[in-house]
Asks: 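Pasting in a structure now, in structure tokens, and then I'll have a few things to ask.
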Amino acid sequence: MRQLASAIHIRPMTHHDLPKVMDIQRVAFTNPWSFDMVQKELTQEWSTVLLVEEDGPGGVEVRGFSIFWLVTDEMHLLNVAIDHAHRRRGLGRLVIEASLEKARAHKCRIATLEVRRSNDAAIALYGSLGFRAVGMRPAYYTDNREDAVVMIKDF
Ligand SMILES: CC(C)(COP(=O)(O)OP(=O)(O)OC[C@H]1O[C@@H](n2cnc3c(N)ncnc32)[C@H](O)[C@@H]1OP(=O)(O)O)[C@@H](O)C(=O)NCCC(=O)NCCS
């Protein structure tokens, strides 16, 4: 099992974190969410944004985030990204596990998500967390008409 540094924390995002979250968004996605889209998630009662951060040489640094909705007994995972320089260190898994923990506490029955068909890294990560592919949404992503794989996890 991978050894994570003890100086890694998970916490809810605040408005102060918007610039750093946008920096990570812009590098992580070909079609990133806008500032307004991320900001709106902070105002919606059903939405949660969790950050994974780490004590660095210059203080605490945000490494990535997870955005999800809890609606009745369903969790919908909308957006996850880790700072490019800190990938493959288990941080993506950590922030999604923390998100799933929130969903469990909310008594969710299932978690759902859509992911680009070509996103092998994310599909492998979700699969290792118990998500299974249950269908395809053809041409779901408007930028390049890429299909989405629909994945579901039962709690
Ligand atoms: C997908 C993403 C969040 C994964 O974050 P991460 O912190 O690098 O992932 P982890 O280190 O926790 O990896 C956990 C497991 O996922 C799988 N995985 C992660 N990256 C992978 C890659 N590039 N190729 C294959 N498998 C990968 C592996 O099974 C890995 O376990 P291992 O390292 O022990 O083999 C990150 O690559 C990212 O930010 N991508 C761009 C944004 C994105 O595509 N988000 C998802 C769609 S919303």
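Every heavy atom of this structure was used, including side-chain atoms; hydrogens, water molecules and symmetry mates were not. Numbering of ligands and ligand atoms starts at 1, following listing order.
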Asks: Relative to atom 27 (C) of ligand 1, which among E97, R88, E114 owns the nearest non-hydrogen atom?
Replies: R88

Asks: Test L50 against K102 for side-chain contact (heavy atoms from CB on, under 4.5 Å), laying out the working first.
Replies: CA-CA 10 Å; L50 290 185; K102 293 267 181 208; 4.2 Å; yes

Asks: In ligand 1, which numbered atoms sit nearer than 4.0 Å to a non-hydrogen atom of Y126?
Replies: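 Selected atoms, number and element: 46 (C), 47 (C), 48 (S).
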
Asks: So if I count the atoms of ligand 1 from 1 in the order they appear, which ones are less than 4.0 Å from some heavy atom of R89?
Replies: 11 (O)

Asks: Heavy-atom distances under 4.0 Å are what count here, so tell me which part of S128 touches ligand 1: side chain, backbone, both or neither.
Replies: neither

Asks: Any idea which atoms of ligand 1 are less than 4.0 Å away from a heavy-atom of G90?
Replies: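 Heavy-atom distances to G90 below 4.0 Å select 10 (P), 11 (O), 12 (O).
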
Asks: Considering the heavy atoms of L91, write down every atom of ligand 1 situated less than 4.0 Å from one of them.
Replies: 7 (O), 12 (O)

Asks: Could you check whether any side-chain heavy atom of F65 comes within less than 4.5 Å of a side-chain heavy atom of V62, counting everything from C-beta outward?
Replies: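 Contact flag for F65/V62 side chains = no.
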
Asks: Just by distance, with hydrogens left out, do E146 and S118 show a side-chain donor and acceptor under 3.5 Å apart?
Replies: yes

Asks: With a cut-off of under 6.0 Å to the ring centre and 45° to the axis, is R109 in cation-pi contact with F155?
Replies: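 Pair R109/F155 does not count as cation-pi.
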
Asks: Have a look at R93, R116, R87 and point out the one with the heavy atom closest to atom 38 (C) of ligand 1.
Replies: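 Looking at heavy atoms only, the winner is R87.
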
Asks: Report the part of N119 (side chain from C-beta onward, or backbone N, CA, C, O) that has a heavy atom under 4.0 Å from ligand 1; answer both or neither where that applies.
Replies: side chain

Asks: Side chain or backbone, does V80 bring an N or O within less than 3.5 Å of an N or O on ligand 1?
Replies: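 Yes, there is a polar N/O contact under 3.5 Å.
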
Asks: Measure the shortest side-chain to side-chain distance between E41 and M13 over non-hydrogen atoms and say whether it is less than 4.5 angstrom.
Replies: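 Heavy-atom side-chain distance check fails, nothing below 4.5 Å.
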
Asks: Can you give the donor-acceptor pairs under 3.5 Å from side chains of residues 25-33 to other protein atoms, not counting sequence neighbours?
Replies:
{"from": "Q25", "atom 1": "OE1", "to": "W33", "atom 2": "N", "distance (Å)": "2.9"}
{"from": "Q25", "atom 1": "NE2", "to": "N79", "atom 2": "OD1", "distance (Å)": "3.3"}
{"from": "R26", "atom 1": "NH2", "to": "D23", "atom 2": "OD1", "distance (Å)": "3.4"}

Asks: Show every ring pair (Phe, Tyr, Trp, His ring centres under 6.0 Å) that has at least one partner inside residues 111-140, sequence neighbours left out.
Replies: Y126-F131

Asks: Short list, please: which atoms of ligand 1 are under 4.0 Å from a heavy atom of A28?
Replies: 41 (C), 42 (C)

Asks: When you check the side-chain N and O atoms of D73 and H106, is any donor under 3.5 Å from an acceptor?
Replies: no

Asks: Step through the shown structure and confirm whether more than 12 heavy atoms of other residues, nucleotides or ligands are within 6.0 Å of CD on Q44.
Replies: yes

Asks: Which of the listed options, I96, L125, I123, V115, holds the heavy atom that is closest to atom 2 (C) of ligand 1?
Replies: L125

Asks: Output the list of atoms in ligand 1 that are nearer than 4.0 Å to some heavy atom of A81, sorted by atom number.
Replies: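 Near A81, the atoms of ligand 1 are 39 (O).
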
Asks: Does an N or O anywhere in A124 fall below 3.5 Å from an N or O of ligand 1?
Replies: no

